[in-house]
A.B. asks: 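Take this structure first; my questions come after.
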Amino acid sequence: MTLVSQATPSGRTGASPAFLRKIVVDPWLFGIFAVVTLSVLVFAALPIFTVLKQAVITDRGFDLAALAAVLSKSFVWESLFNTLLLGATSAVIATVIGFVLAFSATRTTMPGKTFVHGVALLPIISPPFVMALAVVILFGRSGLITRELLGIRNANVYGFHSLVLIQSLAFTPIAYLNIRGMLQSIDSALEDASATLGASRWITFSRVTLPLVTPAILSSGLLVFVKSVEDFGNPMLIGGNFNTLAVEAYSQMVGYFDLHSGALLASLMLVPSITAFLIHRYWVSKRSYVTVTGKPTAQTIRISGMAVVLPLSILCYAIVFAILLFYLTVIYVSFTRLPGIDNTLTTDHYATVFTAGFQTLANSLLLAGVATPVTAIAGMLIAYLLVRKAFPGSFLLRWGTLLSFAAPGTILGIGYVSTFNAPPLLLTGTAFIVVAAMVVKNLQVGIEAGSNQLRQIDKSIEEASMTLGASNTRTFFQITLPLLKPALFTSLSYAFTRSLTTLSAVIFLVSANWTLITVTILSQVETLKIGVAAAYCSILVFVVLAILALMQLLLSSTSPKR
């Protein structure tokens, strides 16, 4: 079979005999491909192109002078540089932290792995601006640490360094889950063979383990970079004078009602994201990462020596402590009558949530529950279609998902309002449009996780199934999909948590009947009702933790015994 990355040109050859044979052999799989591709084009590519059109075309048509006027402003290029600097720095740090956590959890005898795993997931089960709020409460001018403990007055917590800290910790779970899934699937016999041949632990790690996990490391850096570039919640609250493109674009569109300038600024964020994605694809396509061959394998703990386990454990628990500090602060504030002024403990904020705000939580759980399985299954299907198949038009599916991944949530939300606000696709104000935005925005994580896993699975396993008479569709659901369980759990976990905590992609899509909890939390923060916002966040964290634990239990109960 031919990898799609090598078969892109053939996607333009039309109905050649080779492609016709593929369609005839398994028309059901081609039908799935056609439906998925059409859905991606309508719900991902079309809204984004609508915003791009608004960025270059004004009421007077294509106006080069208006375009040049916006691009000539110094804050545009300053914001672009700041965005790239923040994205690259956060991506490197978050990926390193994620790798340390994943390696320690899968390759050492570090104690308390379940606890570390649970805490490591906390940043993705809360709204994106919660950690920024915690940093302000702890280290701000009236911070619990800076003022109450250290006596520092007027501490300046705003700017680049705080943003790097927040985004690195906030996006670490993306790297951790992605790398952890790949480490779990690597055949331990490869590392055993290296050790048997006399290689040291460092040689085995650097020449066997690390190269095999390279796809997950690169894709994790890519995902974190794009998430950092598009994030506007944290820079808005704690960026200070360090402006980013996301904040400037949002301010132009929402604050100044300048759709042209806002769309143009937001469109600039597509350039670094797409560039990073293409570099990643080129790098991965040049290497082979097959480790799952169909032969009996065993997964064992590799390292037990204290010289390695102790430093890694200390580092992991230091990361865990930092994360817990932020979230325990939010929980504490949720029980405080007026944070920073009246620290009397109270449950009034929770009473408000369970009365006036209960419907928003129910709406969020319902819509996220619908979006999660759709996102996960679609991600695995698309990964399979792109890595293993080469149907006509595969490049449309690849580029459609790339655009949905690279586009900031704000662009997607505005594109949905502009595109689906008139017949025949009048969806604005419905639950369907919110679910569609959740699926499209989170789809790429499932595709990346599935693609990384597929690169480790020897194609001869699937070829053997088809040789015995199974169709491509049956082979996928009965052979390939069970081997993708680690990637499937990664996709399910990420899709559910991000659907439940997403903000920028849905803030323009909520209606009176479908108000979401993240929008409500942001409203509480803007009106300085910090205690109520913290109560919402605390409830959200505990709800998501409970559901993730249930998902993990179900996955473990269905996993084959080794």
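We use all heavy atoms of the structure for the numbers below, so side chains are in, but hydrogens, waters and symmetry mates are not. Remember, predicted model here, so these are calculated numbers, not experimental data.
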A.B. asks: Quick one: do the E78 and N243 side chains pair a donor with an acceptor below 3.5 Å?
C.D. replies: no
A.B. asks: How close do V36 and L397 get, heavy atom to heavy atom, and via which atoms?
C.D. replies: CG1-CD1, 3.8 Å
A.B. asks: If you measure from CD1 on I447 to CG on L381, what distance do you get to the nearest 0.5 Å?
C.D. replies: 10.0 Å
A.B. asks: Could you tell me whether a side-chain N or O of T83 sits under 3.5 Å from a main-chain N or O of S79, the two making a donor and an acceptor?
C.D. replies: yes
A.B. asks: May I ask you to test the L509-T428 pair for a side-chain heavy-atom distance under 4.5 Å?
C.D. replies: no
A.B. asks: Is the side chain of S523 donor-acceptor paired with the backbone N or O of V519 at a distance under 3.5 Å, no angle test?
C.D. replies: no
A.B. asks: Side chain to side chain contact (heavy atoms under 4.5 Å, CB included), that's the test. Do T329 and Y332 meet it? Break it down for me.
C.D. replies: CA-CA 5 Å; T329 298; Y332 168 73; 5.6 Å; no
A.B. asks: So if I apply the side-chain contact (heavy atoms from CB on, under 4.5 Å) rule between L516 and each of L500, L367, I521, which one comes out positive?
C.D. replies: L367
A.B. asks: Are the side chain of H349 and the backbone of A534 linked by a donor-acceptor contact shorter than 3.5 Å?
C.D. replies: no
A.B. asks: Tell me the closest heavy-atom pair linking V370 and V374, and the distance in Å.
C.D. replies: O-CG2, 3.4 Å
A.B. asks: Are P235 and F242 close enough that some pair of their side-chain heavy atoms sits under 4.5 Å apart?
C.D. replies: no
A.B. asks: Surrounding CZ of F75 (heavy atoms of other residues, nucleotides or ligands, distance under 6.0 Å), is the total greater than 12?
C.D. replies: yes
A.B. asks: Which residue pairs pass the ring pair (Phe, Tyr, Trp, His ring centres under 6.0 Å) test with at least one member in residues 429-453, sequence neighbours excluded?
C.D. replies: F43-F432
A.B. asks: Between the side chains of T515 and N363, is a donor N or O closer than 3.5 angstrom to an acceptor N or O?
C.D. replies: no
A.B. asks: Considering non-hydrogen atoms only, spot the tightest contact between Y176 and H117 and give its length.
C.D. replies: OH-ND1, 2.7 Å
A.B. asks: To the nearest 0.5 Å, tell me how far Y416 OH sits from L425 CG.
C.D. replies: 11.0 Å
A.B. asks: Just how far is it from atom CG of L385 to atom CE of M380, taken to the nearest 0.5 Å?
C.D. replies: 12.0 Å
A.B. asks: F326 vs I166, test: side chain to side chain contact (heavy atoms under 4.5 Å, CB included). Steps then yes/no.
C.D. replies: CA-CA 10 Å; F326 289 147; I166 292 167; 5.8 Å; no
A.B. asks: What do the steps show when you test F335 against Y350 for ring-ring contact (aromatic ring centres under 6.0 Å, His included), and what is the final call?
C.D. replies: CA-CA 8 Å; F335 288 102; Y350 286 93; 4.8 Å; yes
A.B. asks: Find out whether V330 and L133 are in side-chain contact, i.e. whether some heavy atom of one side chain is under 4.5 Å from a heavy atom of the other.
C.D. replies: no
A.B. asks: Which atom pair, heavy atoms only, marks the closest approach of A175 to T95?
C.D. replies: CB-CA, 3.9 Å
A.B. asks: Taking C-beta and beyond as the side chain, do F139 and I238 meet within less than 4.5 Å on heavy atoms?
C.D. replies: no
A.B. asks: Could you tell me if the side chain of V157 sits less than 4.5 Å from the side chain of L138, heavy atoms only?
C.D. replies: no
A.B. asks: Please check if the side chain of N178 supplies one atom and the backbone of I174 the other of a donor-acceptor pair under 3.5 Å.
C.D. replies: no
A.B. asks: So how far is it from F496 CZ to L365 CG, rounded to the nearest 0.5 Å?
C.D. replies: 6.0 Å
A.B. asks: Would you call the rings of F103 and F99 parallel, tilted or perpendicular, taking 30° and 60° as the class edges?
C.D. replies: parallel
A.B. asks: Looking only at non-hydrogen atoms, find the nearest pair between I517 and S364 and report the distance.
C.D. replies: N-OG, 2.9 Å
A.B. asks: Please round to the nearest 0.5 Å and tell me the distance separating atom OG of S90 and atom CG of N234.
C.D. replies: 9.5 Å
A.B. asks: Are side-chain N/O atoms of Y536 and T520 paired as donor and acceptor at under 3.5 Å?
C.D. replies: no
A.B. asks: Salt-bridged, K73 to E248, with N to O below 4.0 Å?
C.D. replies: no
A.B. asks: Of all the heavy-atom pairs spanning S499 and A371, show the shortest one and how long it is.
C.D. replies: OG-CB, 4.0 Å
A.B. asks: Determine whether I323 and V320 make a side-chain contact, defined as any pair of heavy atoms from C-beta on separated by less than 4.5 Å.
C.D. replies: no
A.B. asks: For S418, does its backbone N or O pair with a side-chain atom of T50 as donor and acceptor, under 3.5 Å?
C.D. replies: no
A.B. asks: Would you give the length of the straight line joining atom OG1 of T89 to atom CZ of F160, rounded to the nearest 0.5 angstrom?
C.D. replies: 4.0 Å
A.B. asks: Are V229 and L245 close enough, and set up right, to give a side chain to side chain contact (heavy atoms under 4.5 Å, CB included), and what steps lead you there?
C.D. replies: CA-CA 8 Å; V229 166; L245 279 176; over 6 Å; no
A.B. asks: Do side-chain atoms of T430 reach the backbone of L427 as a donor and acceptor pair under 3.5 angstrom?
C.D. replies: yes
A.B. asks: Can any side-chain N or O of S219 pair as donor or acceptor with the backbone N or O of A216 at less than 3.5 Å?
C.D. replies: yes
A.B. asks: Is the backbone N or O of T502 less than 3.5 Å from a side-chain atom of T518, with the two atoms forming a donor-acceptor pair by type?
C.D. replies: yes
A.B. asks: Does some side-chain heavy atom of C316 sit less than 4.5 Å from a side-chain heavy atom of V100?
C.D. replies: yes
A.B. asks: Carefully, step by step, assess L412 and S404 under the rule side chain to side chain contact (heavy atoms under 4.5 Å, CB included).
C.D. replies: CA-CA 8 Å; L412 194 65; S404 68; 5.6 Å; no
A.B. asks: Any side-chain heavy atom of L41 sitting closer than 4.5 Å to one from L46?
C.D. replies: no
